[in-house]
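Read through the structure below, which is laid out as structure tokens, and then see the notes.
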Amino acid sequence: MAYDSENVFAKILRGEIPSEKVYEDEFSYAFKDIHPQAPVHLLVIPKGSYTDFDDFTAHASAQEKEGYFKAISKVAAQAGLQGKGYRLLFNIGKESGQAVPHLHAHILAGRVFSDKIV
Ligand code: AMP
């Protein structure tokens with residue numbers, strides 16, 4: 001799928017719509033999910049234009065990948081979640097329910113998830 005530069009997270013990255021930023025570095029940006037599914041619900045996105053995890057894996061540079069994965073851990077640490085535990089979720093494509101076609105990691109925490117996926 002071609003990247004749609006009018007998707008909501010592309011607009012957030014360009015500063016065209018507001019977001020509650022929690023972290024930013026050269027490769028990544030993180031903000032609070034607007035409809036939280038848990039007491040902590042953060043989204044971490046790469047600054048590059050990638051539709052989903054598969055697109056990122058296939059096309060991002062090694063530097064972008066390292067930067068993005070480290071940023072996810074940093075955001076979790078900054079939220080006080082390392083050692084406590086959190087759920088990391090990527091939706092990929094239509095059947096997963098991915099609504100925004102810009103790669104995003106969901107960091108979910110602050111409640112017990114038991115054996116359910118979400
Ligand atoms: P997904 O279903 O994996 O594509 O998740 C998209 C997520 O983006 C959902 O959890 C939405 O609540 C969240 N979302 C959509 N628009 C915004 C926005 N403007 N600011 C923050 N989160 C958003």
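Scope of the values below: all heavy atoms of this structure, side chains included, with no hydrogens, waters or symmetry mates. The structure presented is a predicted model; accordingly, all values stated were derived computationally and were not measured.
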Exercise. Less than 6.0 Å separating the ring centroids of H106 and F90?
Worked result: no
Problem set entry | Ion pair K32/E20, N-O distance below 4.0 Å | yes
For this session: Determine whether T51 and H102 make a side-chain contact, defined as any pair of heavy atoms from C-beta on separated by less than 4.5 Å.
Result: no
Exercise. Do Q98 and H104 come within less than 4.5 Å of each other through their side chains, counting heavy atoms only?
Worked result: yes
Exercise. side-chain contact (heavy atoms from CB on, under 4.5 Å) between L42 and D33: does it pass, once the steps are laid out?
Worked result: CA-CA 5 Å; L42 305 172; D33 195 291; over 6 Å; no
Problem set entry | Donor-acceptor side-chain pairing of Y23 and D25 below 3.5 angstrom | yes
For this session: For the residue pair L103 and I45, establish whether any side-chain heavy-atom pair is separated by less than 4.5 Å.
Result: no
Problem set entry | Spatial distance of atom CZ (R14) from atom CD (E6) [nearest 0.5 Å] | 5.0 Å
Problem set entry | Validation row: L108, V40 side chains within 4.5 angstrom (heavy atoms) | no
Exercise. Any side-chain heavy-atom pair from V44 and Y68 closer than 4.5 angstrom?
Worked result: yes
Problem set entry | Y86: side-chain hydrogen bond (donor to acceptor under 3.5 Å, both in side chains) partners, not counting sequence neighbours | none
Exercise. Does the side chain of Y3 come under 3.5 Å of the side chain of N7 through a donor N or O and an acceptor N or O?
Worked result: yes
Exercise. Under 4.5 Å between any side-chain heavy atoms of Y29 and P46, yes or no?
Worked result: no
